[in-house]
*Asks:* 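This is the structure I want to talk about, given as structure tokens.
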Amino acid sequence: GVCVGMFGFCPTIVRRVQSIAPRQLKAALESGATAHFIDVREPQEVSIAHIDKFKVFPLSQSSTWVEKLAQSISPSDPIYVMCHHGMRSMRACQLLETRGFKQVHNVDGGIDKYSVEIDPSIPRY
């Protein structure tokens, strides 16, 4: 591949995190298969809108939970990561991948897009 940067050098290549559509998240939630669902929003955001099965691990506190997750769940288990619109979850996915997790999925558009496309009972904010 050709890499043209503003200063003529290539940034470190970060493997592109796999994003999934809200409908794919819905299928994963309903499948019953072993998977982990992580919401990286802040607790005050989660109090406004949440999806059952998601555990809250705020990105702002990732230094306290990434290592614990790495020690407590299998690196081959699927992990679905969600935030409000998909930016913080993308960052969290990258952190998890650097810790050796192999099946990390970013929920495209976050809980906001999930509310619009799948479950309008989830409040938007």
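Everything numeric here is computed off the predicted structure, so don't read it as measured data. Residues: numbered from 1 along the sequence shown.
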*Asks:* In Å and rounded to the nearest 0.5 Å, what is the NE2 to NE2 distance from His105 to His36?
*Replies:*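 Spacing of NE2 (His105) from NE2 (His36) equals 11.0 Å.
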
*Asks:* Taking the side chain from His84 and the backbone from Gly109, do they hold a donor-acceptor pair closer than 3.5 Å?
*Replies:*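 Such a contact is absent between His84 side chain and Gly109 backbone.
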
*Asks:* Between Val40, Val104, Thr98, Ile38, which is the residue that forms a side-chain contact (heavy atoms from CB on, under 4.5 Å) with Cys93?
*Replies:*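 The single option meeting the side-chain contact (heavy atoms from CB on, under 4.5 Å) with Cys93 is Val104.
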
*Asks:* Just say parallel, tilted or perpendicular for the rings of Phe37 and Tyr80, cut-offs at 30° and 60°.
*Replies:*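 Phe37 and Tyr80: parallel rings.
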
*Asks:* Are any of the side-chain heavy atoms of Ile79 and Gln103 separated by less than 4.5 Å?
*Replies:*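 When only atoms from C-beta onward are counted, Gln103 and Ile79 do not touch, as no gap falls below 4.5 Å.
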
*Asks:* Is there side-chain contact between Val56 and Arg41, with at least one heavy-atom pair below 4.5 Å?
*Replies:*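 Not in contact.
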
*Asks:* Has Gln24 got a side-chain atom pairing as donor or acceptor with Ala21's backbone, closer than 3.5 angstrom?
*Replies:*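 A pair under 3.5 Å: yes.
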
*Asks:* Are Ile51 and Val46 connected in the hydrophobic side-chain network, where two residues link if heavy atoms are under 4.5 Å apart?
*Replies:*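 Shared cluster, no.
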
*Asks:* Can you tell me how far the NE2 atom of His85 sits from the SG atom of Cys83, to the nearest 0.5 Å?
*Replies:*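 Spacing of NE2 (His85) from SG (Cys83) equals 8.5 Å.
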
*Asks:* Roughly how far, to the nearest 0.5 Å, is the OG atom of Ser19 from the CE atom of Met90?
*Replies:*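 Between Met90 CE and Ser19 OG, I get 4.0 Å after rounding to 0.5 Å.
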
*Asks:* With rounding to the nearest 0.5 angstrom, report the OG to NZ distance, Ser74 to Lys102.
*Replies:*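 One finds 9.5 Å between OG of Ser74 and NZ of Lys102.
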
*Asks:* Look at the side chain of Asn106 and the backbone N and O of Asp108, then say whether any donor-acceptor pair between them is shorter than 3.5 Å.
*Replies:*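 Checked: no pair found.
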
*Asks:* Checking Ser115 side chain against Ile122 main chain: does a donor-acceptor pair fall under 3.5 Å?
*Replies:*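 The answer is yes, because a donor-acceptor pair under 3.5 Å joins these two groups.
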
*Asks:* If Ile, Leu, Val, Met, Phe, Trp and Tyr residues are connected whenever their side-chain heavy atoms lie under 4.5 Å apart, and connections chain through other members, are Val107 and Leu69 in the same group?
*Replies:*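 Unlinked, Val107 and Leu69 end up in two clusters.
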
*Asks:* For Trp65 and Pro58, indicate whether the former's side chain and the latter's backbone hold a donor-acceptor pair under 3.5 Å.
*Replies:*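 Side chain of Trp65 to backbone of Pro58, a donor-acceptor pair under 3.5 Å: yes, one is there.
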
*Asks:* Out of curiosity, Ile73 CD1 to Ser76 OG, how far, rounded to the nearest 0.5 Å?
*Replies:*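 Here the rounded value is 9.5 Å.
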
*Asks:* So, Lys53 side chain and Leu29 main chain: donor-acceptor pair closer than 3.5 Å or not?
*Replies:*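 A pair under 3.5 Å: yes.
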
*Asks:* Quick one: which of Ile111, Leu25, Val81 gives a side-chain contact (heavy atoms from CB on, under 4.5 Å) with Phe54?
*Replies:*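 So, applying the side-chain contact (heavy atoms from CB on, under 4.5 Å) to Phe54 and each of Ile111, Leu25, Val81, only Leu25 qualifies.
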
*Asks:* Measure the shortest side-chain to side-chain distance between Glu67 and Arg99 over non-hydrogen atoms and say whether it is less than 4.5 angstrom.
*Replies:*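 Yes. Closest side-chain heavy atoms under 4.5 Å.
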
*Asks:* Would a 4.5 Å heavy-atom cut-off, applied to side chains only, mark Lys55 and Asp39 as touching?
*Replies:*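 Not touching, per the 4.5 Å side-chain cut-off.
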
*Asks:* Decide yes or no for Leu95 and Leu59: does some side-chain heavy atom of the first lie under 4.5 Å from some side-chain heavy atom of the second?
*Replies:*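 They are in side-chain contact.
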
*Asks:* Hey, does the side chain of Glu45 reach the backbone of Glu42 with a donor-acceptor pair shorter than 3.5 angstrom?
*Replies:*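 Answer holds: yes.
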
